[in-house]
Amino acid sequence: MKEQIKEVATLVGGFLTAIMGFLATLNIRYEWLTEASISAFVTVVVAGGMLGIGVYSVWKNTYVSKKGKEQKRVLQERRLK
């Protein structure tokens, strides 16, 4: 899953870089669209994806939800936990 996030971030970064190059050929320049800003955006995409995976993993692997609490109760009744 982490590799998929990195691939998506690379794709987004490449797309933004291509747009920057295209606009440069038309002599259109935006101060905020630079290599540094694209790199920073890609970093944010990767970090956000990793955060999402972390939150999802913690949620699914704990007994916080209603379903999880029920599973925990059943496991305790059967002395498996």
Side-chain angles (χ1 to χ4, degrees):
M1 187 62 132
K2 291 179 182 180
E3 284 298 317
Q4 291 174 340
I5 291 173
K6 289 179 182 178
E7 290 174 4
V8 168
T10 301
L11 181 66
V12 169
F15 178 71
L16 291 174
T17 302
I19 287 178
M20 186 179 71
F22 174 73
L23 293 175
T25 60
L26 298 175
N27 204 20
I28 300 172
R29 295 197 187 350
Y30 293 102
E31 290 181 23
W32 53 269
L33 187 60
T34 62
E35 293 289 334
S37 67
I38 292 171
S39 178
F41 183 72
V42 168
T43 300
V44 168
V45 169
V46 170
M50 297 299 178
L51 176 64
I53 288 175
V55 168
Y56 178 76
S57 297
V58 168
W59 180 260
K60 291 304 280 184
N61 294 311
T62 58
Y63 300 105
V64 177
S65 66
K66 276 186 176 181
K67 183 179 177 183
K69 289 177 184 177
E70 179 63 24
Q71 287 175 342
K72 183 178 181 180
R73 185 186 63 76
V74 170
L75 288 171
Q76 287 173 336
E77 284 177 358
R78 296 179 183 173
R79 298 182 192 266
L80 297 172
K81 178 159 177 35

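Fair warning: this is a prediction, and the values are worked out from it, not measured in the lab.
To the nearest 0.5 Å, atoms CG (L51) and CD1 (I5) are separated by 10.0 Å. Separating the CD atom in E3 from the OG1 atom in T10 is a distance of 9.0 Å, to the nearest 0.5 Å.
The hydrophobic cluster containing Y56 does not contain V8, counting ILVMFWY residues as joined when their side-chain heavy atoms lie under 4.5 angstrom apart, directly or transitively. Connection of F41 to F15 is established within a shared hydrophobic cluster, with ILVMFWY side chains joined at heavy-atom distances below 4.5 Å, either directly or through further cluster members. In terms of hydrophobic clustering, with Ile, Leu, Val, Met, Phe, Trp and Tyr side chains grouped at heavy-atom distances under 4.5 Å, V64 and V58 are assigned to different clusters. Hydrophobic clustering of Ile, Leu, Val, Met, Phe, Trp and Tyr side chains at less than 4.5 Å, counting indirect connections, keeps W32 apart from V44. Using a 4.5 Å cut-off between side-chain heavy atoms of Ile, Leu, Val, Met, Phe, Trp and Tyr, with links allowed through other members, M50 and V55 fall into different hydrophobic clusters.
A heavy-atom distance below 4.5 Å is found between the side chains of L33 and I38.
The closest donor-acceptor contact from the side chain of T17 to the backbone of G13 lies under 3.5 Å.
When all heavy atoms of V46 and A9 are compared, the pair lying nearest together is CG2-CB, 3.4 Å.
Sorted by first and then second residue, the pairs that involve residues 61-77 and meet side-chain hydrogen bond (donor to acceptor under 3.5 Å, both in side chains), not counting sequence neighbours, are E70-R73, R73-E77.
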